[in-house]
Amino acid sequence: MTSPEARNILTKPKLLMTRVLSPVTIERARRDYDLDLNEADVPFTPGELVARAAGKDALLVALADRFGADVIARLDPSVKVIATYSVGHEHIDLQAAKARGIRVVYTPDAVTVATAEIGFLLILGAARRASEGERLLRAKAWHGWQPMQLIGRRLDGKRLGIYGMGKIGQAIAKRARGFDMDIHYFNRRPLDDALGATYHATLDSLLAVTDILCIAAPSTPETRASINAAALAKLKPGAIVTNIARGDLVVDDDLIAAVKSGHIAHIGLDVYANEPNIHPGYYDLENAFLLPHMGTSVIEARDEMGRDALDNIDAVLAGREPPTALV
Ligand code: DGY
């Protein structure tokens, strides 16, 4: 005789979860799905991804899972939806998924506040030389208060240049008002309500007025490598550069050279090209405040990302339109 539990599993849709997500998310996924969880929490190789996806209805995946056209072409026809636990979706070839009739959904709302908060941590950490201060203290090399030690910059009255005024850019702008900053932004289109921020129709025009740059644009063919030597040269001498978006918007060699030359005074980075193998030049920069891609690393965001991903999967498998679909 089959137990009620086993019968339930037989009728539940099959879900592959490629990383260990928050306990609340796993609990709901186990309740509603026949869950195959990658307990090892190590990203799958493309071959492993294809193998583990076989027979699954839905895949709940994350940034390190690369769904190029080659992987998508090899996915089992059972796969109806790929849900990425992120707002960024450059790891998934949307056109290839669309061509195979696979829906791709994401979690754009759940990440906004957490990422904007890290944006401000980067801005403050860079402007106030937080890493240098912490290193000094931990090295037991601090000999007491000194008037001219670790002199940074105040934020009030400074021009904050927000590159990319999506939800996260707007959440940064909202917080920047509290710091009395003069807010400017570059976006493909001006916003109807830009929270009093000044629109720039080109990136160059934004850079020319910026004291502190906050990169908040997605990684697209147009934005990749846009913060290069020429763009950095447009910033005022002594400017600060921060990045909460994606590392590949920045040409690492050019940014490192600009910091070394003193043209850029401080940087604050949470994201890098080729994570986790970041450009080694960053490790040697004293005036760099560096975090390991932790913009959304708060339990509130993790639970909401899981909720939104599962809501989307539920909708696709029930034949409803998912709330936040990419294709
Ligand atoms: C995103 O959502 O794209 C972040 O980078 C990871 O949560």
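Quick note: numbers below take in every heavy atom, side chains included, and nothing from hydrogens, waters or symmetry partners. Just follow the structure's listing: the first ligand is 1, and inside any ligand the first atom is 1.
- Under a 4.0 Å criterion applied to the non-hydrogen atoms of R246, ligand 1 contributes the atoms 1 (C), 3 (O), 5 (O).
- Interface atoms of ligand 1 facing M305, defined by a heavy-atom separation under 4.0 Å, are 7 (O).
- Note that CG of D34 is 4.0 Å distant from NZ of K14, once rounded to the nearest 0.5 Å.
- Protein heavy atom closest to atom 2 (O) of ligand 1, with residue, atom name and distance, is V87 N, 2.7 Å.
- A salt bridge links D211 with K236; the closest basic N to acidic carboxylate O contact falls under 4.0 Å.
- Taking the six-membered ring where the residue is Trp, H184 and H200 present tilted rings, their angle falling between 30° and 60°.
- Remark: ligand 1 atoms within the under-4.0 Å shell around heavy atoms of L63 are 5 (O), 6 (C).
- Under 4.0 Å from ligand 1, not a single heavy atom of T115 appears.
- Using a 3.5 Å distance cut-off with no hydrogens or angles, the side chains of R159 and T210 do not pair a donor with an acceptor.
- L232 and Y272 fall within a single hydrophobic cluster, where Ile, Leu, Val, Met, Phe, Trp and Tyr side chains are chained together by heavy-atom contacts under 4.5 Å.
- With respect to D109 and K167, a salt bridge is recorded, a charged nitrogen being found less than 4.0 Å from a carboxylate O.
- At a heavy-atom cutoff of 4.0 Å, ligand 1 is contacted by the side chain of T296 but not by its backbone.
- Not a single heavy atom of H89 lies less than 4.0 angstrom from ligand 1.
- Close approach to H293 involves these atoms of ligand 1, each under 4.0 Å from a residue heavy atom: 4 (C), 5 (O), 6 (C).
- Residue-ligand proximity, V111 to ligand 1, at heavy-atom distances under 4.0 Å covers atoms 2 (O).
- No salt bridge links R31 with E27; every basic N to acidic carboxylate O contact stays at or beyond 4.0 Å.
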